[in-house]
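One structure below.
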Amino acid sequence: MTDDKDVLRDVWFGRIPTCFTLYQDEITEREADPYYLLLPRISYLTLVTDKVKKHFQKVMRQEEVSEIWFEYEGTPLKWHYPIGLLFDLHASNTALPWSITVHFKNFPEKDLLHCHSKDVIEAHFMACIKEADALKHKSQVINEMQKKDHKQLWMGLQNDKFEQFWAINRKLMEYPPEDNGFRYIPFRIYQATTERPFIQKLFRPIASGGQLHTLGDLLKDVCPSAITTEGGDRRFLTHCTRCSVFPQNLSLR
């Protein structure tokens with residue numbers, strides 16, 4: 001996989017056309033025009049919406065501006081979920097552009113975590129990487145890296161620099177042939193129709209008999225209700241196109 005650069009690029013440059021509109025009850029000095037962006041699926045909302053914030057703050061009364069947050073059709077959008085995962089969970093069946101509502105007041109304390117700086121996002125990002133490497137390599141790869149390597153991973157994601165990111169990320173995706181693959185496959189399954197945040201368990205890439213496991217094998221083991229053909233009915237699995245160093249985020253609808 002580490003040599004399949006065209007596929008990696010296609011994943012990296014996946015974009016979602018999005019229309020941001022200000023919530024109708026926000027107090028403004030003049031009418032707020034919508035703002036359009038192509039959002040990278042692999043990034044986080046709070047990393048790529050500085051332009052959105054500046055656009056709407058121009059028409060806001062400054063005393064009315066507090067922490068920015070986003071919602072889609074009444075559902076607050078979690079900043080610590082990748083943008084592609086948010087779209088797959090909440091809006092994959094809707095017409096584009098994706099319509100997101102912007103808020104500067106009444107932060108939903110019960111639904112969202114606060115994110116006061118990009119340092120918070122970086123800490124979450126690195127925690128995801130460390131978790132994935134613990135499952136795949138017993139944390140050996142990430143622990144052998146220097147601090148500058150960790151920073152390069154983060155800056156590559158933050159600045160949307162494919163080469164900068166993958167120069168380090170490929171180390172986390174490689175394994176010696178004699179190891180027969182990763183210890184476990186890091187993944188999470190998010191379901192839009194349940195209050196349980198996600199499903200996650202240990203799952204090896206190779207069966208005890210030596211055959212390679214497939215995505216279908218994983219679903220049968222972890223979430224068998226997602227595999228059903230009774231009455232011609234099937235649930236659809238949508239893959240959030242996130243770089244492979246992270247726990248793979250899958251959404252079931």
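These numbers were taken from a predicted model, which means no experiment stands behind them. As a basis for the values below, the full set of heavy atoms in this structure was taken, side chains included, without hydrogen atoms, waters or symmetry mates. In this chain, numbering begins with 1 at the start of the sequence shown.
Note that the NE2 atom of His124 and the CD1 atom of Ile129 stand 10.5 Å from one another [nearest 0.5 Å]. One distance of note links CG of Leu153 with NZ of Lys151; it measures 11.0 Å at 0.5 Å rounding. Atom SG of residue Cys115 and atom CD1 of residue Ile68 lie 11.5 Å apart, to the nearest 0.5 angstrom. Remark: Leu135 CG to Phe187 CZ distance equals 9.5 Å, nearest 0.5 Å. With values rounded to the nearest 0.5 angstrom, Leu85 atom CG is found 10.0 Å from Arg188 atom CZ. Considering CG of Leu212 and CD1 of Ile206, their distance stands at 5.5 Å, rounded to 0.5 Å.
Using a 4.5 Å heavy-atom cutoff, the side chains of Glu122 and Gln158 are not in contact. Two residues are said to be in side-chain contact when any heavy atoms from C-beta on lie closer than 4.5 Å; Tyr36 and Pro97 meet this criterion. Counting heavy atoms from C-beta outward, Ile42 and Ile83 have side chains that stay 4.5 Å or more apart. Looking at Ile189 and Leu219, their side chains come closer than 4.5 Å, going by heavy atoms from C-beta outward. A 4.5 Å side-chain heavy-atom check between Phe70 and Trp79 finds every atom pair outside the cut-off. Two residues are said to be in side-chain contact when any heavy atoms from C-beta on lie closer than 4.5 Å; Leu39 and Phe87 fail this criterion. Two residues are said to be in side-chain contact when any heavy atoms from C-beta on lie closer than 4.5 Å; Lys130 and Asp133 fail this criterion. Taking 4.5 Å as the limit, some side-chain heavy atom of Met145 sits within range of a side-chain heavy atom of Ile168.
Across Leu38 and Arg15, no two heavy atoms sit closer than the pair O-CD, 3.9 Å. Across all non-hydrogen atoms, the minimal contact from Phe203 to Asp221 is CD1-OD2, 3.7 Å. When all heavy atoms of Val102 and Phe56 are compared, the pair lying nearest together is CG2-CE1, 3.9 Å. The shortest non-hydrogen separation linking Phe20 to Leu45 is CZ-CD2, 4.5 Å. The two atoms that bring Gly156 and Trp12 nearest to each other are O-CZ2, 3.6 Å, heavy atoms only. The shortest non-hydrogen separation linking Ser43 to Val48 is OG-CG1, 3.6 Å.
Salt-bridge formation is not detected for the pair Asp25/Lys105: no Lys NZ or Arg NE/NH1/NH2 atom is positioned less than 4.0 Å from an Asp or Glu carboxylate oxygen. Ion pairing between Lys5 and Glu163 holds under the 4.0 Å rule for side-chain N and carboxylate O. Using a 4.0 Å cut-off between charged side-chain N and carboxylate O, Glu131 and Lys136 make no salt bridge. The pair Asp50-Lys118 meets the salt-bridge criterion, with a side-chain N (NZ, NE, NH1 or NH2) lying under 4.0 Å from an Asp/Glu carboxylate O.
Under the 4.5 Å side-chain heavy-atom criterion for grouping Ile, Leu, Val, Met, Phe, Trp and Tyr, Leu47 is connected to Phe13 within one hydrophobic cluster. Side-chain heavy atoms closer than 4.5 Å link hydrophobic residues (I, L, V, M, F, W, Y) into clusters, and following such links, possibly through other members, connects Phe198 to Leu86. Hydrophobic clustering of Ile, Leu, Val, Met, Phe, Trp and Tyr side chains at less than 4.5 Å, counting indirect connections, keeps Leu77 apart from Phe107.
The aromatic ring centres of Tyr72 and His90 sit 6.0 Å or more apart. In this structure, Phe104 has its ring center no closer than 6.0 Å to that of Tyr23.
The closest donor-acceptor contact from the side chain of Thr94 to the backbone of Ser92 lies at 3.5 Å or more, if one exists at all. For Gln152 (side chain) and Gln164 (main-chain N/O), a donor-acceptor pair under 3.5 Å exists by modelled atom type. Distance alone, capped at 3.5 Å, places no donor-acceptor pair between the Asp111 side chain and the Pro76 backbone. With Arg183 contributing its side chain and Pro205 its backbone, the two residues share no donor-acceptor pair below 3.5 Å. Checking side-chain atoms of Glu71 against main-chain N and O of Gly74 turns up a donor-acceptor pair under 3.5 Å. A distance-only check finds no donor-acceptor pair linking the side chain of Asn169 to the backbone of Phe165 [under 3.5 Å]. With hydrogens and angles ignored, the 3.5 Å screen pairs no side-chain donor or acceptor of Asn143 with any backbone N or O of Gln140. With hydrogens and angles ignored, the 3.5 Å screen pairs a side-chain donor or acceptor of His150 with a backbone N or O of Ile142.
Aromatic ring pairs are classed by plane angle as parallel below 30°, tilted from 30° to 60° and perpendicular above 60°; the pair His103 and Trp69 is parallel. Ring planes of His137 and Phe182: perpendicular class, angle over 60° (limits at 30 and 60°). Ring planes of His55 and Tyr35: tilted class, angle from 30 to 60°. A tilted orientation is assigned to the rings of Trp166 and Phe162, their planes being inclined by 30° to 60°.
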Legend entry - Candidate pair Ile16 and Arg41, rule side-chain contact (heavy atoms from CB on, under 4.5 Å), full reasoning: CA-CA 7 Å; Ile16 302 171; Arg41 288 181 57 92; 3.8 Å; yes
Legend entry - Verdict with supporting geometry, Leu22 and Met60, side-chain contact (heavy atoms from CB on, under 4.5 Å): CA-CA 10 Å; Leu22 190 64; Met60 298 285 296; 3.7 Å; yes
Inset, instruction - Show the numbers, then the answer: is there a side-chain contact (heavy atoms from CB on, under 4.5 Å) between Glu144 and Lys171? - result: CA-CA 10 Å; Glu144 290 176 359; Lys171 299 177 183 178; over 6 Å; no
Inset, instruction - Given side-chain contact (heavy atoms from CB on, under 4.5 Å), test Tyr190 with Asp88 step by step and report yes or no. - result: CA-CA 10 Å; Tyr190 294 80; Asp88 292 344; over 6 Å; no
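Sorted by first and then second residue, the salt bridge (Lys or Arg N to Asp or Glu O under 4.0 Å) pairs involving residues 74-86 (not counting sequence neighbours) form an empty list. Under the salt bridge (Lys or Arg N to Asp or Glu O under 4.0 Å) criterion, no residue pair touches residues 207-217, with sequence neighbours excluded.
For Glu31, the CD atom sits in a loose shell: 12 or fewer heavy atoms of surrounding residues, nucleotides or ligands are nearer than 6.0 Å.
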